[in-house]
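Step one of this worksheet: look at the structure below.
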Amino acid sequence: MRIFALVDCNNFYVSCERLFRPEIKHRPVVVLSNNDGCVISRSQEAKDIGVPMGAPAYKYQSFFLQNNVEIFSSNYALYGDLSQRVTATLASLTPDLEVYSIDESFLEFPPCMLRELPSIGKEIRTRILKWTGIPVSVGFGSTKTLAKVASRFAKKYPQTEGTFSLCGRNDLDRLLDKVPVTDVWGIGRRHGKRLIARGVSTARTFKDLPNLWLKKNMSVTGLHTALELRGTPCFELDNSPKPKKTISSSRSFGRPVTALSDLEESVAAYVARAGEKLREQQSLTNGVMVYLTTNRFNNLPQYSNSATRMLPIATDYTPELINTGLQCIRSIYKEGFSYKKTGVVLLDLCGKYNRQCNLLELDHKAESAKKEAIMNLLDSANTRFGRRTLSYASEGLEQPWQMNRKYKSPSYTTSWDDLPKIG
DNA sequence: TCTGGGGTCCTAGGACCC
DNA sequence: TCTGGGGTCCTAGGACCC
């Protein structure tokens, strides 16, 4: 039997904020999405007083005030840095590690360690808490999906003390009967609804559906999920992350935007950011897609559109990408609408050092070396001195369209200026 | 005034090829 | 009257994840 573990940071963003504000440890705390839109992380106290996930912040303003809820804008510089510390700690325990998301990692252990799982779980929790200050839950299972289920139990029931194993249990069915089908990893809202309508409401009844039905109604992904719940691994541990196939950057505006010039600035800024990510993973892009949209939540006239332009030669040179992005936005902009958001997607990425060469580019060796040197300079300056130390004029200086971040905490661990003072 | 952002995978259907 | 069949590639849309 295989042994997978899922290590899941508890209320991750809230835990990050609390690390530097210990006095809010027992108060309700929420972290808002970009643009201070809705709630994306809640402390246990916030859950207990009934703040739902995804709650629009503006609807809850007086509620937050009445209940003395501490509010934070999201601060991804902080969360990303602490996330790295957590995964580095995990890497000190085992090389079989897949970083699944900013707050979750899968681990695999050899079958012979079955009897040691309780102490391993304890050790993981203790070490991460001690080294990083972040509380985590640990779930073990013979597949990734079961490890996920186990971590839910670990979170939900205090008597588990934060670690729970579903490996080698003979009461697995009884436990899966307690898990709502919509809580299963891989079953979303859409399928969940349909399943419940058919009377399939728990993980146990779901896993016992006939294979043919699963395949027909939920494609192979649904079948895989059921097989995993029955203990047959379909998803392997992936510890060598592949480069992304698309890279995007987008934001909602802090206020409605009508002028083309503002939209152009935002597109230039998002392209520049996407370009940084592109070079970070050592890829080139073959095309740029730009979209814009009005606010679907108001009653004003609606308009959204997108434009794609392919590039003659794959590149990671931001000025060229910005040019292309600007052409796109100009081609779809319509006057008279109140815009909420623009976004940029770099498409059809390929590796910088392993790709088909284009006959056209052989003539441009000297020029491309120069471009590369410029990008290197820009990236290293921005890494060393902080994001947007050097930026493009087309991104604008004032950026009146910038998102709201009214409640942002300092970047305690990633900015010298924000380093916490002692005493 | 005020409702996030960034990804992946799968399938169906059309175009095209021999 | 009879009008193939199998394969690949591409794209749009749906569903899911955190």
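This one's a predicted model, so the numbers in the text were calculated from it and none came from an experiment. Only heavy atoms go into these numbers, but all of them, side chains included; no hydrogens, no water, no symmetry mates.
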Is [X] touching bases, backbone alone, or none of the nucleic acid, heavy atoms closer than 4.0 Å?
X: A/Arg273; value: nothing
X: A/Asp36; value: nothing
X: A/Ile187; value: sugar-phosphate
X: A/Val184; value: sugar-phosphate
X: A/Lys193; value: nothing
X: A/Ser249; value: sugar-phosphate
X: A/Ile102; value: nothing
X: A/Arg189; value: sugar-phosphate
X: A/Val220; value: sugar-phosphate

Distance check needed: C/dA15 C1' versus A/Leu195 CG, whole Å only.
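Taking CG of A/Leu195 and C1' of C/dA15, I get 13 Å after rounding.
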
Over how many whole Å does the gap from A/Asn217 atom CG to B/dC10 atom P extend?
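Distance, rounded to whole Å: 18 Å.
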
Just checking, any donor-acceptor pair under 3.5 angstrom between side chains of [X] and [Y]?
X: A/Asp417; Y: A/Ser415; answer: no
X: A/Ser283; Y: A/Asp316; answer: no
X: A/Ser137; Y: A/Ser151; answer: no

Residue whose nearest DNA chain B nucleotide is more 5′ - A/Pro243 or A/Gln61:
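With A/Gln61 and A/Pro243 compared, the 5'-side residue is A/Gln61.
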
Most 5' of A/Lys341 and A/Asn298 on DNA chain B, judged by nearest nucleotide
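Residue closer to the 5' terminus by nearest nucleotide: A/Asn298.
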
Choosing from [options], which nucleotide comes nearest the side chain of [X]?
X: A/Tyr58; options: B/dC2, B/dC10, C/dA15; result: B/dC2
X: A/Ile247; options: B/dG4, B/dG7, B/dT3; result: B/dG7
X: A/Ser219; options: C/dC18, B/dC10, B/dG7; result: B/dC10

Whom does B/dC18 pair with, Watson-Crick or G-U wobble, provided both distances fall under 3.5 Å?
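C/dG5 is the nucleotide pairing with B/dC18.
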
Test of ring centre spacing under 6.0 Å for A/Phe72 and A/Tyr407:
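No, ring centres 6.0 Å or more apart.
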
Is the A/Trp185 to A/Tyr100 ring centre distance short of 6.0 Å?
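Yes, the ring of A/Trp185 comes within the 6.0 Å limit of the ring of A/Tyr100, centre to centre.
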
Has [X] got a side-chain N or O lying under 4.0 Å from the OP1 or OP2 atom of [N]?
X: A/Lys340; N: B/dT1; result: no
X: A/Ser250; N: B/dG6; result: yes
X: A/Ser252; N: B/dT3; result: no
X: A/Arg255; N: B/dT1; result: no
X: A/Ser248; N: B/dG7; result: yes
X: A/Lys245; N: B/dC9; result: yes

For C/dC18 and B/dT3, measure between their P atoms and round to the nearest Å.
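Here C/dC18 and B/dT3 have their P atoms 24 Å from each other.
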
Rounded to the nearest 0.5 Å, what separates atom CD1 in A/Ile329 from atom CG in A/Leu326?
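Rounded to the nearest 0.5 Å, the CD1-CG separation comes out at 8.5 Å.
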
